[in-house]
2 protein chains.
Amino acid sequence: MSKAPPPKPTDSELEILHVLWQHGPATVRAINDHLSQRRQAEVGYTTTLKILQLMLEKGLVRRDDADRSHVYRAAVREQETQGLLLDKFVDATFGGSALKLVMQALGSRQTSADELAQIRRLLNDIEIQNSTPNPNDDDRA
Amino acid sequence: MSKAPPPKPTDSELEILHVLWQHGPATVRAINDHLSQRRQAEVGYTTTLKILQLMLEKGLVRRDDADRSHVYRAAVREQETQGLLLDKFVDATFGGSALKLVMQALGSRQTSADELAQIRRLLNDIEIQNSTPNPNDDDRA
DNA sequence: TTGCAACTACGAAGCGTTTCGTAATATCTT
DNA sequence: AAGATATTACGAAACGCTTCGTAGTTGCAA
């Protein structure tokens, strides 16, 4: 039995996670300042506080309440969270086909030569990995 | 002044759009049957009806109410809708970087050799297009 | 023609998310 | 010490989405 994994963050929660991923642990005040800057309008302080409290219950963040101003930090990793959200999105929007998603992302969009080169490099890596399987794969958990 | 474009469909609405895109115009009964088959549980008939009525108001579908059983059809194109949703998703989850999205989609996922080849072909097309711009681009709508 | 079955329209409840007001508490300043 | 300021906790309102019950209507069959 393992503990329930953190649920999919909502849009607001994701926005806060971005701040925490980018700037590291922060107080409600600091997070709220970042959010207000990102958006058009000012964000209510207690709104940010409330969301953080809910995120704490959900296990999306942890907090250090040693000081009066509690310090929050992300409890989920950026890549894992993005991967989770991506899975749901691919299922809902592209019927589970990651290929369609990639085609759409690259096709109907301005992509720089540099970015294309990066993708090519990634494709090469993947194909090498596929054609020369690691004989020690059995050891992996 | 142009009419307001159809808004971003919700999850349920998107599910219905998938049915319409795949099978063409259909009655509420037919759509509801498809949905019930897709999901675990049975979907209430009036639930599907209600969502379709809301979609009609939003301009996501049109309907032919000549017969007693109204026939609904998609009023938005699949690619455009997916593109719209993709844009929002990239902004919210990957900070607007389509590259990060593609890397994540290809990186942490099992992708077949055939799919990789298709992506390579697409990359080639894009690069050709970038290096030899069509002088008649102005003619395009 | 009468009654049953299917369909549409509509209202409302339930739920999660977001937002904010208010009260209680702690810290700082003078 | 007293008052001002910042912070936390909590409740609730507002909103959108989803679901369903019910009423009214239409068509079909016996």
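Labels below follow one simple rule: chain letters A, B, ... track the order of the sequence lines, proteins then strands, and each chain is numbered from 1.
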More than 12 foreign heavy atoms under 6.0 Å from CD of B:E78: is that the case here?
->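 Counting neighbours around CD of B:E78, more than 12 heavy atoms of other residues, nucleotides or ligands fall under 6.0 Å, so yes.
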
Is it true that atom CZ of A:R77 has more than 12 heavy atoms of other residues, nucleotides or ligands lying nearer than 6.0 Å?
->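 Incorrect, the count does not exceed 12.
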
Which word best sums up how the rings of B:W21 and B:H18 line up, parallel for under 30°, tilted for 30 to 60°, or perpendicular for over 60°?
->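 Geometry flag for B:H18 against B:W21: perpendicular rings.
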
[X] near the nucleic acid: base, sugar-phosphate alone, or nothing, with a heavy-atom cut-off under 4.0 Å?
X: B:V43; answer: nothing
X: A:K8; answer: nothing
X: A:S69; answer: sugar-phosphate
X: B:E13; answer: nothing
X: B:D65; answer: nothing
X: B:T10; answer: sugar-phosphate

Where the side chain of [X] is defined as all heavy atoms beyond and including C-beta, which of [options] is the nearest nucleotide?
X: B:R68; options: C:dC20, D:dT19, D:dT25; result: D:dT25
X: A:R29; options: D:dG27, D:dT7, D:dT18; result: D:dT7
X: B:T46; options: D:dT18, D:dT19, D:dT22; result: D:dT22
X: A:Y45; options: C:dT19, D:dT7, D:dA9; result: D:dT7

Could you check A:K58 against B:V71 and say which one's nearest nucleotide on DNA chain C is further toward the 5' end?
->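 Of the two residues, B:V71 wins.
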
Are OP1 or OP2 of [N] and a side-chain N or O of [X] less than 4.0 angstrom apart?
X: A:R39; N: C:dT19; result: yes
X: A:T47; N: C:dT18; result: no
X: B:Q53; N: C:dT8; result: no

In whole Å, what is the span from the [atom1] atom of [X] to the [atom2] atom of [N]?
X: A:H70; N: D:dA9; atom1: NE2; atom2: C1'; answer: 10 Å
X: A:I31; N: D:dT7; atom1: CD1; atom2: C1'; answer: 14 Å
X: A:K50; N: D:dT8; atom1: NZ; atom2: C1'; answer: 11 Å
X: A:D67; N: D:dT8; atom1: CG; atom2: C1'; answer: 14 Å
X: A:L49; N: C:dG21; atom1: CG; atom2: C1'; answer: 13 Å
X: A:E57; N: C:dG16; atom1: CD; atom2: P; answer: 13 Å
X: A:L54; N: C:dT17; atom1: CG; atom2: C1'; answer: 9 Å
X: B:L35; N: D:dT18; atom1: CG; atom2: P; answer: 12 Å

B:R120/A:E127 ion pair, N-O < 4.0 Å =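 The answer is yes: the pair qualifies as a salt bridge.
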
Quickly, which of A:L101, A:L122, A:V102 forms a side chain to side chain contact (heavy atoms under 4.5 Å, CB included) with B:V102? Name it, please.
->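 Only one option passes, and that is A:V102.
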
What do the steps show when you test A:I16 against A:L52 for side-chain contact (heavy atoms from CB on, under 4.5 Å), and what is the final call?
-> CA-CA 8 Å; A:I16 287 179; A:L52 279 165; 3.8 Å; yes

